[in-house]
Amino acid sequence: LGGVAAVAVQTPAQAAGPVAPMSSSGSKDVGNAGLATDLPSLKGKAGDLVRTSGYAAPGDGGHGLYRFVKKDAPAVNGGTVIAARKEGAWVLVHHGVVDFRAFGIMDASVNADDALDAMVNDPSIHRVEAHSDLNFVRRHIFRRSGIAFDFGNHLMTTVGIENAGKDDPFAAVMFFQGEVTGAAQEARLNEVVPDLGDVFPVADSSFFTVGDWYAAEVNALAGRWERELQRLVQVTQIVDGTHIRINYKNGWPLAADRTMTWRHVLPVQDVTVSNLKFLGTGTDEYTGSHPLAFEYAVRCDVDHIDGTGTFWPLIQRRWNTYYSTVSCTLKNPTSVTWGGAGYLTQQIYCLYGYVANCHTANARHLNDFTASAYCLVENCH
């Protein structure tokens, strides 16, 4: 806070009424605000603090400590940043954990999309919590890493959600997608990569950086989709000018005439989603809904997701490495015949995945792996 600040403390008589915030010097009151909804009527100066007793009503869970910011104030979002009178903004003071009540979302009667965007796109927030049922009407794409969601076993619905595009199983309520940078190297191997080999010949090893991630793909031999290798891998060693080592041992020899393409990727990393009940809406690829999708993702874990009535897989993954899907269930998806629909989870080009203690009822598939490797499934029914 940039120094010691005095904050007015509520007495029992004041609990249902306005709170008088104090200036950072403690010298005078700067206005009255009992609720977050009162903050737009309050003027302040840099360093002023105000504690609210709720968002729209005392004790509704949307209370918090706000500080006044005038210079370079962040964009107002109605929750963690609330407009001040005339100029500046009141910014929520937190330790990185925020929930939807800070935005006045107390139940599913108010759509939670704007609040979700504001929290995920705020790098100072590392954990998002829900303390009520939530409804979403948009399909969100996030590039964010290092964030956890705990929905507290509340229900997520999608009443009135926008249509998805054609044949798009990644049009989830929350789609975490890494970035393909556009930097790529393609070259013929010119030597055999042996079974269980993790050293690969490349045209120029200076293109690669130890610790960075690459979508590695060998050329197709026959058919539209079939390839001997498609993985999101990390470079672990620059062996010499034309060889690199990666965190993957290939499961069969690659002949010297094969061509490898390496695309530099900035994956989303370290995202977890937990304790969510989901009820889908719609009946087809356009109107159907599902909660989660991940692409170009590392260590993105899901646990205790209980879904009903989804169209596309409850959890969709492509180009994922190092992840777990644990204790999830799916009941009565809207289709068990449409290709790709009605799964608990589908995984394409995935590596080192762990799926455990998951269950389905009246579904098409519990678990699907396509062109994936070194994944383990336990106790799924």
Side-chain angles (χ1 to χ4, degrees), residues 1 5 7-23 29-44 48-70 73-122 124-125 127-138 140 149-161 173 275-277:
L1 296 175
V7 180
V9 179
Q10 288 177 280
T11 66
Q14 293 174 317
V19 181
M22 301 292 288
S23 70
D29 292 351
V30 296
N32 295 320
L35 303 169
T37 52
D38 296 328
L39 288 175
S41 65
L42 193 66
K43 292 194 300 183
D48 286 343
L49 299 171
V50 59
R51 184 176 296 280
T52 61
S53 60
Y55 189 88
D60 63 11
H63 58 278
L65 178 66
Y66 291 82
R67 63 185 175 89
F68 178 77
V69 175
K70 179 180 178 180
V76 170
N77 59 33
T80 55
V81 185
I82 296 176
R85 197 171 97 189
K86 291 190 176 180
E87 60 182 3
W90 294 99
V91 178
L92 182 67
V93 178
H94 60 77
H95 292 89
V97 180
V98 180
D99 73 79
F100 287 86
R101 294 175 298 182
F103 293 80
I105 310 295
M106 306 301 169
D107 54 41
S109 65
V110 178
N111 296 329
D113 299 271
D114 289 344
L116 177 66
D117 282 344
M119 288 185 283
V120 175
N121 293 322
D122 183 343
S124 71
I125 295 174
R127 179 179 171 88
V128 173
E129 295 182 353
H131 294 264
S132 71
D133 295 348
L134 302 168
N135 189 70
F136 294 91
V137 295
R138 299 201 301 269
H140 303 257
F149 299 82
D150 187 343
F151 286 92
N153 293 310
H154 294 288
L155 181 67
M156 176 188 291
T157 54
T158 56
V159 178
I161 194 168
V173 173
N275 305 318
L276 170 66
K277 297 184 184 301

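Ring pair F149/F151 is parallel by interplanar angle, where below 30° counts as parallel and above 60° as perpendicular.
For the pair A112 and L134, the tightest heavy-atom approach, listed with the atom from each and the gap, is CB-CD2, 4.1 Å. Between H154 and L276, the shortest heavy-atom distance links the atoms O-CD1, 3.8 Å. Here the shortest heavy-atom pairing between D122 and H94 reads OD2-NE2, 4.4 Å. Here the closest non-hydrogen pair linking V69 and P74 is CG1-CD, 4.5 Å. Nearest heavy atoms, F68 versus E87: CE1-O, 3.5 Å.
Interatomic distance, CG of N77 versus CG of D117, reported as 10.5 Å (0.5 Å rounding). Rounding to the nearest 0.5 angstrom, the gap separating the OG atom in S41 from the CZ atom in R85 is 7.5 Å. The NZ atom of K70 sits 11.5 Å away from atom NZ of K86, with the distance rounded to the nearest 0.5 Å. Here the CZ-NE2 distance, from R101 to H63, works out to 7.5 Å after rounding to the nearest 0.5 Å. Distance check, rounded to the nearest 0.5 Å: CG of N275 to CD of E129 gives 10.5 Å. Of the inter-residue distances, the one linking N111 atom CG with I161 atom CD1 reads 10.0 Å to the nearest 0.5 angstrom.
Counting only heavy atoms from C-beta outward, the side chains of T52 and Y66 approach each other to under 4.5 Å. L49 has its side chain within reach of L65: a pair of non-hydrogen atoms, C-beta onward, lies under 4.5 Å apart. With a 4.5 Å cut-off on side-chain heavy atoms, F100 and L116 count as touching.
N135 contributes a side-chain N or O that, together with a main-chain N or O of V159, makes up a donor-acceptor pair within less than 3.5 Å. Checked by atom type and distance alone, the side chain of T158 never pairs as donor or acceptor with a backbone atom of F136 at under 3.5 Å. A donor-acceptor contact shorter than 3.5 Å links the side chain of D133 to the backbone of L155. Checked by atom type and distance alone, the side chain of D113 pairs as donor or acceptor with a backbone atom of R138 at under 3.5 Å. T80 places no side-chain N or O within donor-acceptor distance of the main-chain N or O of L92, the cut-off being under 3.5 Å.
Take Y55 and apply the ring-ring contact (aromatic ring centres under 6.0 Å, His included) test, not counting sequence neighbours, and it matches no residue.
D107 and S132 share no donor-acceptor pair across their side chains, judged by distance under 3.5 Å alone.
Summarising the local packing, NE2 of H131 is surrounded by more than 12 heavy atoms from other residues, nucleotides or ligands at distances under 6.0 Å.
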